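These numbers were taken from a predicted model, which means no experiment stands behind them. First the proteins, then the strands, lettered A, B, ... as listed; each starts at 1.
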There are 2 protein chains.
Amino acid sequence: MATGHKIPSYRVVYETIRKHIQDEVYKQGTLLPSEHDLCVLYHVTRPTVRKALDALVNEGYIKKHQGKGSIVMGIPKGIGILSITGTTSAIGQDFLKTKIIVKPEIRTWKNAFIFKLTEREKELGCIYMERLRYVNSNPVFYDITMIPNLNLPRFTSRSFENKSLFDILRKHYQIEIKGGAQQILARGADKTLQKYFGVKKGHPVLQLNRRIETNRIDFYLYSQVFCNTDEYVLYGRF
Amino acid sequence: MATGHKIPSYRVVYETIRKHIQDEVYKQGTLLPSEHDLCVLYHVTRPTVRKALDALVNEGYIKKHQGKGSIVMGIPKGIGILSITGTTSAIGQDFLKTKIIVKPEIRTWKNAFIFKLTEREKELGCIYMERLRYVNSNPVFYDITMIPNLNLPRFTSRSFENKSLFDILRKHYQIEIKGGAQQILARGADKTLQKYFGVKKGHPVLQLNRRIETNRIDFYLYSQVFCNTDEYVLYGRF
DNA sequence: TAAAATCACTTGTATATACAAGTTATTATT
DNA sequence: AATAATAACTTGTATATACAAGTGATTTTA
């Protein structure tokens, strides 16, 4: 199934350099090739290279110093749930296992939800699912995902074990994640969290309420993520 | 005391539009003037306008749609401690009061700290301070700030009441904040937090460990922020 | 020899231009 | 009147170019 989408060249440059940092072709602490050299390498002009580097700076892969060059910082450490790509890519799929608690099913919206829903979203109802995610066999994330029930054929019958929700949305429905907003708070564990995380009542748990924006206008995903940060803390750049 | 720094025009465009969104000259839900119109308005070219808009998109002030325009999203709601500018600008200085718990003083580094320090940083020692911050008279943030003791004359004798640390660093020492990395976790309140937040022992509190990068190479600020999220949650974009 | 000036590099800012591609209103067609 | 084509907008991508400004090594000067 070819997408037919042409990949912009700044994206190619970004992805390649990112991969090279990941694979330690460009090693931590060293200087990246100069912008001019990258231009020659990728047959693009400086603004294009700079757009790619800007993204890498934002995500913490590199750091720039005027007059000196771009220093490779390496892969952002920790669990980068605050980044756009979601949990899976951030800590490496190898160490993340997913267990479905509630299979995707059509429901009415939880009215206790934090974000205001549009009338259209309320009408549609939502696809609801719950997942528990393990990092190195420890339950670390418990997440509730709600997606407006808008023209996503066969969605509820798909398998999500060890698959990224975002990947499925992109491949089968051409939905791209573009960013989002989130609330972050600390709370005590309730019965559900006690059960899944194996902690005492009131144990401090991180909660994230997220509204995720997509390439489809007025189409948002909603998720509530609970994290047990006892062993794995969240990490982010700003 | 004139800084002598020339402000880049993309910055001027960014600041002006940002201000206009804040002052509701550009109202939420409406379309921003087109990039072309902004070019005429500010006497700059499109790449310059786009650079300003990119920053506004990143911070959640606007959202762009190809073929349509840039939609004004309004001021990012909540307490945007995850953003680069710090607490003060995020919730509006009017509602934030600061109380100094420990005045800036020279100390050796807390060795229990999370980030690895360089030898140079260890030698220098650090300027240490503790602050309690109130939002609408409620104690919400308790933060410990550590700054390498590197050529910051008279720093320990300055007043920090209701002043932004970042502003002081910029105005008096020409130190600009460029970004940073942070860990986020949920933890139970200890005796100190109980005292300042007026909560029970073990009450869930958000903790942020931050390393803040500056325009001076190898000069970082370190801070540990504790947040009582019972009434005011943190907010961020990704 | 030590300090100052220069040069060659780096990234930062800005312009001018072109075309691709998505959206919306208008116009022409059926 | 409903539909299709078009035109006029919008943002997205990309090039080519120029100069400013920070860094570090080299060369010149005192």
Side-chain angles (χ1 to χ4, degrees), chain A residues 3-17 26 30-58 61-73 174-176 178-179 213-219, chain B residues 3-17 26 30-58 61-73 174-176 178-179 213-219:
Chain A
T3 54
H5 288 351
K6 189 194 152 197
I7 298 166
S9 52
Y10 77 86
R11 255 286 162 192
V12 175
V13 177
Y14 163 84
E15 296 287 358
T16 310
I17 296 175
Y26 297 141
T30 63
L31 286 176
L32 223 57
S34 74
E35 294 178 354
H36 173 267
D37 290 352
L38 291 170
C39 292
V40 175
L41 261 169
Y42 294 101
H43 308 289
V44 292
T45 52
R46 202 149 83 90
T48 305
V49 163
R50 285 180 65 82
K51 183 152 188 184
L53 295 185
D54 280 351
L56 291 167
V57 168
N58 276 334
Y61 286 95
I62 63 169
K63 220 163 82 180
K64 298 178 88 174
H65 283 288
Q66 188 175 5
K68 206 177 177 191
S70 301
I71 298 165
V72 177
M73 303 305 286
Q174 288 78 49
I175 292 172
E176 301 270 356
K178 295 194 79 175
E213 296 153 10
T214 69
N215 56 338
R216 290 202 196 171
I217 190 163
D218 292 332
F219 183 75
Chain B
T3 52
H5 287 348
K6 190 195 150 198
I7 297 165
S9 51
Y10 76 86
R11 254 286 161 194
V12 175
V13 176
Y14 162 84
E15 296 288 357
T16 312
I17 296 175
Y26 298 141
T30 63
L31 285 177
L32 225 55
S34 75
E35 294 179 355
H36 173 267
D37 291 352
L38 291 170
C39 292
V40 176
L41 260 170
Y42 294 101
H43 308 288
V44 292
T45 53
R46 202 149 81 94
T48 306
V49 163
R50 284 180 66 82
K51 184 155 188 181
L53 295 186
D54 281 350
L56 292 166
V57 168
N58 275 334
Y61 286 95
I62 62 169
K63 220 163 83 179
K64 300 178 85 174
H65 283 288
Q66 188 175 4
K68 203 175 179 190
S70 301
I71 299 163
V72 177
M73 304 302 287
Q174 288 77 49
I175 292 172
E176 301 270 357
K178 295 194 78 174
E213 296 152 9
T214 69
N215 56 338
R216 291 202 195 171
I217 189 162
D218 292 332
F219 183 74

Heavy-atom distance under 4.5 Å between the side chains of [X] and [Y], does that happen here?
| X | Y | value |
| --- | --- | --- |
| Tyr10(B) | Pro47(B) | no |
| Leu31(A) | Ile71(A) | yes |
| Asn58(A) | Asn58(B) | yes |

Problem set entry | Spacing of Tyr42(A) atom OH and Thr48(A) atom OG1 [to the nearest 0.5 Å] |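 Rounded to the nearest 0.5 Å, the OH-OG1 separation comes out at 13.0 Å.
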Problem set entry | Distance in Å, Glu15(B) CD paired with Leu56(B) CG, rounded so as to fall on 0.5 Å steps | 9.0 Å
Seminar exercise, completed: Lys64(B) meets the salt bridge (charged side-chain N to carboxylate O under 4.0 Å, His left out) criterion, sequence neighbours left out, with Glu35(B)
For this session: Let me know the distance between CG of Leu31(B) and P of dT10(D), rounded to the nearest Å.
Result: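 From Leu31(B) CG to dT10(D) P: 10 Å.
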For this session: Measure from CD1 on Ile71(B) to P on dT10(D) and round the result to the nearest Å.
Result: 15 Å
Polar atom pairs (N or O), protein with nucleotides 7-9 of chain D, under 3.5 Å:
none

Exercise. Toward the 5' end of DNA chain D, which comes first, His65(A) or Ser9(A), by nearest nucleotide?
Worked result: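 In this pair, the answer is Ser9(A).
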Problem set entry | side-chain contact (heavy atoms from CB on, under 4.5 Å) between Leu53(A) and Ile17(A), intermediate numbers included | CA-CA 9 Å; Leu53(A) 295 185; Ile17(A) 296 175; 4.1 Å; yes
Problem set entry | Evaluation steps, side-chain contact (heavy atoms from CB on, under 4.5 Å), between Leu32(A) and Ile62(A) | CA-CA 8 Å; Leu32(A) 223 57; Ile62(A) 63 169; 4.1 Å; yes
For this session: Please list, chain by chain and in numerical order, all residues satisfying side-chain contact (heavy atoms from CB on, under 4.5 Å) with Thr214(B), sequence neighbours excluded.
Result: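 Once residues adjacent in sequence are excluded, the partners of Thr214(B) under the side-chain contact (heavy atoms from CB on, under 4.5 Å) criterion are Ile175(B), Ile177(B), Arg216(B), Phe219(B), Leu221(B).
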Exercise. Of all residues at least two apart in sequence or in a different chain, which pass the side chain to side chain donor-acceptor pair (under 3.5 Å) check with Gln66(B)?
Worked result: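 Gln66(B): no side chain to side chain donor-acceptor pair (under 3.5 Å) contacts found.
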Exercise. Which of residues 35-47 of chain B sit near DNA chain D, with a heavy atom under 4.0 Å from it?
Worked result: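 Heavy-atom cutoff 4.0 Å gives Glu35(B), Arg46(B).
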Exercise. Which two nucleotides bound the region of DNA chain C that has atoms under 4.0 Å from heavy atoms of chain B, read 5' to 3'?
Worked result: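 In short, chain B contacts DNA chain C from dT13(C) to dT24(C).
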